[in-house]
Amino acid sequence: MATTLVGSPWPWMKMRIRAFPEAAPPTMMWRQSSLYFRRRRSFSVSATAKEARGNGEGQVRVRFAPSPTGNLHVGGARTALYNYLFARSKGGKFVLRIEDTDLERSTKESEEAVLRDLSWLGLDWDEGPGVGGEYGPYRQSERNSLYKQFAEKLLESGRVYRCFCSNEELEKMKEIAKLKQLPPVYTGKWASATDEEVEEELAKGTPYTYRFRVPKEGRLKINDLIRGEVSWNLDTLGDFVIMRSNGQPVYNFCVTVDDASMAISHVIRAEEHLPNTLRQALIYKALGFPMPYFAHVSLILAPDRSKLSKRHGATSVGQFREMGYLPQAMVNYLALLGWGDGTENEFFTLQQLVEKFSIGRVNKGGAIFDSTKLRWMNGQHLRALSPEEFTKIIADRWKSTGILRESEGTFVEEAAQLLKDGIDLITDADKTLSNMLSYPLHASLKSPEVKPVLEDELSEFSAKLLAAYDSGELLGALEEGPAGWQKWVKNFGKLHKRKGKSLFMPLRVLLTGKLHGPDMGASVLLLHRAETCDVVAPGAGFVTLKERFEMLRQLDWEALIKDQLLLKSAATISN
C-alpha cells in the first residue's frame with residue numbers, strides 16, 4: 001500500500017511511503033492534543049525485521065548516505081558495498097544521498113571525491129547526485145523545506161514543543177545531573193509550559209529549539225538483521241532537539257525524514273549508528289511512518305583491535321587507488337571484512353558477490369584490516385587479468401611516470417609479462433622495471449653473497465664473456481631472439497666446461513649486475529631490445545649492454561678480491 005504525503009514542497013516529486021507489514025511496529029494511539037502528551041508519556045514498540053520482503057510487500061530500497069567532510073574511508077566504502085550488494089541481490093534500488101547539513105565542514109571537493117571513489121569501485125547508484133530520481137533532491141542541504149514541514153507537523157500534534165532554554169541553562173542542567181550521577185538528559189522545563197508562557201517568549205523574540213517529547217516509560221526493541229534483538233529503556237533518553245534555534249534540523253531528524261520520504265526499506269549502516277536508532281524510531285512513530293529494517297555492521301579494526309584510523313596508515317579509498325590497488329581487489333577484500341559465502345573461496349568478482357551476498361552471513365564481530373593480505377590479494381587480481389589488460393595498465397604506468405617513451409610495442413609487452421610475478425601493486429611496476437634496467441655491479445660484487453661466485457674464477461670468466469661480446473658473437477645471438485640466446489649459452493658453456501649454477505650465476509652477475517631476478521635470458525634479450533629500439537626515456541637509469549661491458553673491462557679484480565678477504569676477516573672477528 002502506498003500513502004502519498006500531503007503538502008509536499010515539491011509538487012513534481014512523488015513522495016510515497018510504502019506500508020510494509022513486517023517493517024511497521026504495532027500501531028499506537030497518538031492524540032492531537034498537546035495536553036495529552038504532557039500527561040501520558042509511555043511507549044512500547046517492537047520492530048521485527050526480515051532480510052527480504054515477500055511478494056507484494058514492496059521493492060527493496062537501500063541508501064548510502066556519506067557526509068562530504070573528508071575522503072571516503074574504507075569503512076564507509078564497505079557499508080556502501082554491502083548496501084549495493086543487498087540491493088542488487090534483491091532486485092532493488094541503491095540510493096546515494098549526500099548528508100551535507102554540516103555546512104562548516106562539508107565541501108564540494110569532498111563530495112566529488114566520494115562520488116569518484118564510489119564510481120571507481122564500480123558501485124553505480126540508481127538514484128542520487130548526477131542520476132536523479134523520483135525521491136530527490138538527494139542532498140540534505142536542498143531538503144530544508146521538507147524538514148521544516150514535518151517539524152511543524154510534529155509541533156501542531158504536540159509531539160514536539162518549543163524550548164526557550166539558553167545554553168547556560170542547559171549547561172547547568174548537565175552539571176546538576178553529573179553531581180547526582182544521572183544521565184545528562186533534558187529535565188523538561190518547557191515540556192509543560194502553558195500557551196501563555198510560550199507566547200510571552202515568542203513576543204520577546206527569544207530563540208528556541210524544537211524538542212521531541214520522549215515517553216517517560218517504555219522500551220524500544222528491534223530485531224537487527226545482523227545483531228539480533230537490541231533494546232533500550234526510554235527513561236535514559238530525555239527530550240531531544242530536532243530543530244536548532246537557527247532553523248537547522250539535527251542529524252537524527254533529517255535521516256528519519258529522508259529515509260521515510262525516500263521509501264527506504266532497509267537501513268544498512270555502521271554499528272556506530274546503533275544508538276541513533278532509538279531517537280529515529282520515536283520520530284518514525286510520531287510521524288506515522290513505518291520503520292525500515294535495520295542492519296548494523298561492525299567496525300573495521302586495526303591489527304591492535306582498535307578502530308582503524310589514520311595512525312594505522314592508509315584508510316581512504318583514494319589513498320589505496322593512488323598506491324596502485326585495483327578496484328576489483330578492493331571490492332573483493334572489503335566484502336570479506338565481515339562476510340563470507342560459507343566456502344573456502346576468497347576470490348570473487350563484483351557480479352559473483354551480488355549472486356552470493358546475504359545479510360544473514362555478515363558477522364557481528366569487528367573485522368581486522370590486514371594490509372598485507374590486501375596487497376597479496378591485489379597481486380592475485382592483477383595476475384588474473386588477461387595479458388592485454390595487464391600490459392595496458394602497467395605500460396600506461398611506465399609511460400606516465402617517465403620511465404618509458406612509449407606505452408606500446410614488443411618491448412613493453414615482453415617486459416610486462418616478464419616482470420608480472422614481481423608486481424603486486426600497479427606502482428610496483430616502476431621499481432621492477434627500473435631494477436631490470438639498472439646495473440648495480442659494484443654493489444653486488446662487494447656483497448658477502450657473491451663470494452662463492454667471485455672465488456670460482458669470475459675474473460677469468462669475465463674476460464671470456466668480454467671476448468664473446470667484442471667478437472660480435474653474443475650480440476649476433478641476441479639478434480636472433482630466444483633461440484639464438486639458448487644456442488649461444490649452450491655452446492659457451494661447453495667451450496669453457498661450465499654448466500648449471502657455475503655457468504648461469506656468473507653470467508647473471510656480469511650481465512645483469514645482480515644475484516637474483518627474473519629469467520636471465522629474457523632479461524638480457526630485453527636489455528638488448530631496449531638498447532636498439534630507444535624505448536627507455538632519458539633519466540630512467542638505464543645502463544646499456546655496451547656500457548655494462550665497458551664497466552667490466554675497467555674492473556680492478558685484484559682490489560675486489562682484497563675487499564672480499566677484508567670482509568671475511570671482519571666477519572670472523574665479529575663472530
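Ring-plane geometry between His296 and Phe294 is classed as parallel, the angle between the planes falling under 30 degrees on a 0 to 90 degree scale with a further cut at 60. Ring-plane geometry between Phe320 and Phe369 is classed as tilted, the angle between the planes lying from 30 to 60 degrees on a 0 to 90 degree scale. Using cut-offs of 30° and 60° on the angle between ring planes, the pair His266 and Tyr293 is perpendicular.
Heavy-atom neighbours of Gln248 CD from other residues, nucleotides or ligands within 6.0 Å: above the threshold of 12. For Lys431, the NZ atom sits in a loose shell: 12 or fewer heavy atoms of surrounding residues, nucleotides or ligands are nearer than 6.0 Å.
Separation of atoms NZ (Lys373) and CG (Leu336) is listed at 6.5 Å; rounding is to 0.5 Å. Note that CG of Leu326 is 4.5 Å distant from CD of Gln328, once rounded to the nearest 0.5 Å.
One N or O on the side chain of Asp100 and one on the backbone of Gln140 form a donor-acceptor pair closer than 3.5 Å. Proximity of a side-chain donor or acceptor of Asp341 to a complementary backbone N or O of Thr343 within less than 3.5 Å is detected. A donor-acceptor pair is defined here as one N or O able to donate and one able to accept, closer than 3.5 Å; such a pair exists between the side chain of Thr391 and the backbone of Pro387. No donor-acceptor distance shorter than 3.5 angstrom exists from the side chain of Arg405 to the backbone of Val535, with no hydrogens or angles considered. Of the possible donor and acceptor atoms, none in the side chain of Thr315 sits under 3.5 Å from a partner among the backbone N and O of His73. Between the Asp396 side chain and the Ser407 main chain, no donor and acceptor come within less than 3.5 Å of each other. Side-chain atoms of Ser471 come within 3.5 Å of backbone N or O of Ala467 as a donor-acceptor pair. Judged by distance alone, the side chain of Thr432 and the main-chain N or O of Ala429 form a donor-acceptor pair under 3.5 Å. Side chain of Arg548 to backbone of Leu510: no donor-acceptor contact under 3.5 angstrom is found.
Not less than 6.0 angstrom separates the ring centroid of His381 from the ring centroid of Tyr325. Checked against the 6.0 Å centroid criterion, the rings of Trp376 and Phe347 qualify as a close aromatic pair. Taking the six-membered ring where the residue is Trp, the centroids of Phe64 and Tyr82 are separated by 6.0 Å or more.
A side-chain donor-acceptor contact under 3.5 Å links Glu449 and His516. Between the side chains of Arg508 and Ser444, not a single donor N or O lies within less than 3.5 Å of an accepting N or O. Judged purely by distance below 3.5 Å, without hydrogens or angles, the side chains of Glu550 and Gln554 pair a donor atom with an acceptor atom.
Cation-pi geometry between Lys420 and Phe390 is met: under 6.0 angstrom from the ring centre, within 45 degrees of the axis.
With respect to the salt-bridge test (charged N to carboxylate O, under 4.0 angstrom), the residues Lys451 and Glu455 qualify. Salt-bridge check for Glu389 with Lys392: failed, with every basic side-chain N at 4.0 Å or more from each acidic carboxylate O. For Asp470 and Arg553, the salt-bridge test passes: some basic side-chain N is under 4.0 Å from an acidic carboxylate O. Classification of Asp430 and Arg397 as a salt-bridged pair holds, one side-chain N sitting under 4.0 Å from a carboxylate O. The residues Arg375 and Asp428 are annotated as salt-bridged, a charged nitrogen and a carboxylate oxygen being separated by less than 4.0 angstrom. Ion pairing between Lys546 and Glu531 fails under the 4.0 Å rule for side-chain N and carboxylate O. Looking at Asp258 and Arg139, no side-chain N of the basic residue comes within less than 4.0 Å of a carboxylate O on the acidic one, giving no salt bridge.
Tested against Glu127 for a side chain to side chain donor-acceptor pair (under 3.5 Å), the candidates Arg63, Lys93, Arg97, Arg61 yield a single pass: Arg61.
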Yes or no on side-chain contact (heavy atoms from CB on, under 4.5 Å) for Tyr251 and Asp102, after CA distance, side-chain angles and deciding distance?
CA-CA 9 Å; Tyr251 171 79; Asp102 187 342; over 6 Å; no

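Here the side chains of Leu382 and Asp424 are not in contact, with every heavy-atom distance at 4.5 Å or above.
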